[in-house]
Chemist: 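Sharing a structure with you now.
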Amino acid sequence: MCTAVTFLTSDNLHFSARTMDFSFELDAKPVYVPRKYKFKSLVPDTEFVSKYGFIGMGKDIDGFTFADGFNERGFSIASLYFEKNAKYNEKSKKDALNIASTEMVSWALGNIESVAEFENYCQKINVVAVINPLLQVNVPLHWIVADKTGNTGVLEITKDGSKFYHNSVGVMTNSPEFPWHLDNLNHYTNLQPTEFEPKQYGDYTTVSDGPGSGALGLPGDYTAASRFVRAAFLRQYSAPVKGTKAGVNAVLHILNAVDIPKGVKVTAKDVSDYTQYKAVMDLDNLSYYFMAYDDTKLNQVEITEDLLQSSEIKIF
């Protein structure tokens, strides 16, 4: 459930993108959160205030919860499901920021301006195991962060503690843990965008199947492991492009390869995981592009100077 990628154009425009794959109908909308907005945590007696204005894809359930977004400083974060691996503390800690897993995006977008700052601060965050009122579970998540310098990282909290990883691959999916996915890429070193050269077997010379044969063996299923490999391959070999429009278009083509139609991925509870929306964040021009499952129209909202001067929540 969910695939995230980063992308860089030839003229140094930085994009962060994701698919939101889930069986529960989230009905999320783009929301602008102003500076100095106060969030009340699900953790008792905890509040935090936004320093930066941001746009996130969210929902108001007795307070806004966000799945992804970016802020006025060009910092972005997205949460992805991390089932069977996430492990949070049962209690709050003194001298720590105590938040629920579903509040990491809100806090980070409101208070962090770069991946480097997030890395320095994330060890001071105590994610507490609390029940989310919308999903009625302690939501298991991990997070991919990126900024307009091109820096990208992953935060995972497991039974072994909180770990931050630098993400040079620029891709993240779901369980298992991020280092496992990197190790798994070693099994696909045969993949290439060009066709294979003829090979000799005794007196027999093979004939290539033609263009595209270099990707034979690229996994096409919807498991997290396969989506990671597929997204990494497409991101690596997609042709260089220049400009905002071409950059957004290139990222959407990568996301299309991991888009999950309704009905092809059915859970043990007999419900369909599917791509509820695709989002592309332009971290240089501060624009959020999104496409809903039921409408292929590409929508755009952006952080403008007028919006930054507003003190009100705005739901797009």
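Small disclaimer: the values here were computed from a predicted structure and weren't measured.
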Chemist: Determine whether a donor-acceptor pair (N or O, by modelled atom type, separation under 3.5 Å) exists between the side chain of Ser226 and the backbone of Asp221.
Modeler: no

Chemist: Does NZ in Lys59 sit with more than 12 non-hydrogen atoms of other residues, nucleotides or ligands closer than 6.0 Å?
Modeler: yes

Chemist: Please step through side chain to side chain donor-acceptor pair (under 3.5 Å) for the pair Asp306 and Thr304, ending with a clear verdict.
Modeler: CA-CA 5 Å; Asp306 286 344; Thr304 63; 5.3 Å; no

Chemist: Could you go through Leu97 and Lys124, starting from their C-alpha distance and side-chain angles, then the distance that decides it, and tell me whether this counts as side-chain contact (heavy atoms from CB on, under 4.5 Å)?
Modeler: CA-CA 6 Å; Leu97 172 67; Lys124 302 175 185 177; over 6 Å; no

Chemist: Quiz question: by atom type and distance under 3.5 Å, do the side chains of Glu195 and Ser213 form a donor-acceptor pair?
Modeler: no

Chemist: Considering only heavy atoms from C-beta outward, does the side chain of Ile315 approach that of Asp60 to under 4.5 Å?
Modeler: no

Chemist: Ignoring hydrogens, what is the shortest heavy-atom contact between Val31 and Ile313? Give both atom names and the distance.
Modeler: CG1-CG2, 3.9 Å

Chemist: Is it true that a side-chain atom of Asn111 and a backbone atom of Ala108 form a donor plus acceptor pair closer than 3.5 Å?
Modeler: no

Chemist: Is it true that the side chains of Asn256 and Asp259 contain a donor and an acceptor less than 3.5 Å apart?
Modeler: no

Chemist: Test side-chain contact (heavy atoms from CB on, under 4.5 Å) on Cys2 and Met20; report intermediate values, then the result.
Modeler: CA-CA 5 Å; Cys2 306; Met20 168 53 78; 3.8 Å; yes

Chemist: Is it true that a side-chain atom of Arg227 and a backbone atom of Tyr222 form a donor plus acceptor pair closer than 3.5 Å?
Modeler: yes

Chemist: Should we count NZ of Lys51 as having more than 12 external heavy atoms under 6.0 Å?
Modeler: no

Chemist: To check you understand the geometry: which heavy-atom pair defines the closest contact between Arg230 and Leu218, and what is its length?
Modeler: CA-CD1, 3.9 Å

Chemist: So if I apply the ring pair (Phe, Tyr, Trp, His ring centres under 6.0 Å) rule between Phe54 and each of Trp107, Phe66, Phe75, Tyr32, which one comes out positive?
Modeler: Phe66

Chemist: After noting the C-alpha distance and the side-chain angles of Asp282 and Thr244, does the key distance pass the side-chain contact (heavy atoms from CB on, under 4.5 Å) rule?
Modeler: CA-CA 8 Å; Asp282 181 343; Thr244 301; 3.5 Å; yes

Chemist: Do you know the tightest heavy-atom contact between Ala116 and Asp147?
Modeler: N-OD2, 4.5 Å

Chemist: If we ignore hydrogens and angles and just use 3.5 Å, is the side chain of Asn174 paired with the main-chain N or O of Ala224 as donor and acceptor?
Modeler: no

Chemist: Could you walk me through whether Asp68 and Tyr277 pass the side chain to side chain donor-acceptor pair (under 3.5 Å) check?
Modeler: CA-CA 12 Å; Asp68 55 72; Tyr277 68 83; 2.6 Å; yes

Chemist: Could you walk me through whether Thr19 and Asp21 pass side chain to side chain donor-acceptor pair (under 3.5 Å), step by step?
Modeler: CA-CA 6 Å; Thr19 63; Asp21 311 329; 3.1 Å; yes

Chemist: Drop me the distance from Leu252's CG to Phe15's CZ, to the nearest 0.5 angstrom.
Modeler: 10.0 Å

Chemist: Do Arg35 and Glu72 meet the salt-bridge criterion of a basic N to acidic O distance under 4.0 Å?
Modeler: yes

Chemist: Can you list everything that forms a ring pair (Phe, Tyr, Trp, His ring centres under 6.0 Å) with Tyr188? Sequence neighbours excluded, please.
Modeler: none

Chemist: Between Ser175 and Glu83, does any side-chain donor sit less than 3.5 Å from a side-chain acceptor?
Modeler: no

Chemist: Is there a donor-acceptor pair closer than 3.5 Å between any side-chain N or O of His14 and the backbone N or O of Asn151?
Modeler: no

Chemist: Answer with yes or no whether the hydrophobic clustering places Phe70 together with Met104; edges join I, L, V, M, F, W, Y residues whose side-chain heavy atoms lie under 4.5 Å apart.
Modeler: yes

Chemist: Have a look at Val280 and tell me which of Phe290, Phe7, Tyr289 forms a side-chain contact (heavy atoms from CB on, under 4.5 Å) with it.
Modeler: Tyr289

Chemist: Atom CD of residue position Glu197 - does it have more than 12 heavy atoms of other residues, nucleotides or ligands inside 6.0 Å?
Modeler: no

Chemist: Can you confirm whether the side chains of Thr6 and Arg235 place a donor and an acceptor under 3.5 Å from each other?
Modeler: yes

Chemist: According to a 4.5 Å side-chain heavy-atom criterion applied to Ile, Leu, Val, Met, Phe, Trp and Tyr, with indirect links allowed, do Leu182 and Val115 form part of one hydrophobic cluster?
Modeler: no

Chemist: Compare every heavy atom of His142 with every heavy atom of Glu156, then report the nearest pair and how far apart it is.
Modeler: OE2-ND1, 2.8 Å

Chemist: What's the separation between atom CD1 in Ile260 and atom OG1 in Thr275, rounded to the nearest 0.5 Å?
Modeler: 4.5 Å

Chemist: Say whether, by atom type as modelled, one donor and one acceptor occur between the side chain of Thr206 and the main chain of Lys199 under 3.5 angstrom.
Modeler: yes

Chemist: Shared ILVMFWY cluster between Ile144 and Phe22, side chains joined below 4.5 angstrom?
Modeler: no

Chemist: Are the side chain of Glu103 and the backbone of Ala100 linked by a donor-acceptor contact shorter than 3.5 Å?
Modeler: yes

Chemist: Any chance CG of Asp45 has more than 12 other-residue heavy atoms, nucleotides or ligands included, within less than 6.0 Å?
Modeler: no

Chemist: Would you find a donor on one side and an acceptor on the other, under 3.5 Å apart, between the side chain of Asp11 and the backbone of Gly243?
Modeler: yes

Chemist: Do you see a donor-acceptor pair shorter than 3.5 Å between the side chains of Thr194 and Gln192?
Modeler: yes

Chemist: I need the Leu109 CG to Ser76 OG distance, nearest 0.5 Å.
Modeler: 8.0 Å

Chemist: Measure the spacing between OG of Ser41 and CD of Glu47 and express it to the nearest 0.5 Å.
Modeler: 9.5 Å

Chemist: Test Phe39 against Thr65 for side-chain contact (heavy atoms from CB on, under 4.5 Å), laying out the working first.
Modeler: CA-CA 10 Å; Phe39 288 89; Thr65 299; over 6 Å; no

Chemist: Side-chain contact test, heavy atoms from C-beta onward, threshold under 4.5 Å: evaluate it for Phe316 versus Tyr288 and give yes or no.
Modeler: no

Chemist: How long is the straight-line distance from CE of Met172 back to CZ of Phe82, given to the nearest 0.5 Å?
Modeler: 8.5 Å

Chemist: Do Ile157 and Ile131 belong to the same hydrophobic cluster, where Ile, Leu, Val, Met, Phe, Trp and Tyr are linked whenever their side-chain heavy atoms lie under 4.5 Å apart, directly or via other members?
Modeler: no

Chemist: So, for Leu308 and Gly53, which heavy atoms are closest and what is the spacing to 0.1 Å?
Modeler: CD2-CA, 4.3 Å

Chemist: Is it the case that the side chain of Asn98 and the backbone of Val128 share a donor-acceptor pair, with hydrogens and angles ignored and the cut-off at 3.5 Å?
Modeler: no

Chemist: My understanding is that only residues two or more places apart in sequence, or in another chain, count here; which of them pass side chain to side chain contact (heavy atoms under 4.5 Å, CB included) with Val266?
Modeler: Asp270

Chemist: Just wondering, more than 12 heavy atoms not from Lys262 lying within 6.0 Å of its NZ?
Modeler: yes

Chemist: Does Phe196 belong to the same Ile/Leu/Val/Met/Phe/Trp/Tyr cluster as Tyr201, with side-chain heavy atoms less than 4.5 Å apart forming each link?
Modeler: no

Chemist: Carefully, step by step, assess Asn138 and Ser101 under the rule side chain to side chain donor-acceptor pair (under 3.5 Å).
Modeler: CA-CA 8 Å; Asn138 170 32; Ser101 63; 4.6 Å; no

Chemist: Under a plain distance cut-off of 3.5 Å, with no hydrogens placed, do His166 and Glu119 share a side-chain donor-acceptor pair?
Modeler: yes

Chemist: Might you point out which heavy atoms bring Leu234 and Ala257 nearest each other, and give the distance in Å?
Modeler: CD1-CB, 3.2 Å

Chemist: Would you check if the side chain of Asn126 reaches a backbone N or O of Lys94 as a donor-acceptor pair within less than 3.5 Å?
Modeler: no

Chemist: How many angstroms lie between atom OH of Tyr165 and atom CG of Leu155, to the nearest 0.5 angstrom?
Modeler: 9.5 Å

Chemist: So does Lys93 pair up with Asp95, basic N to acidic O under 4.0 Å?
Modeler: no

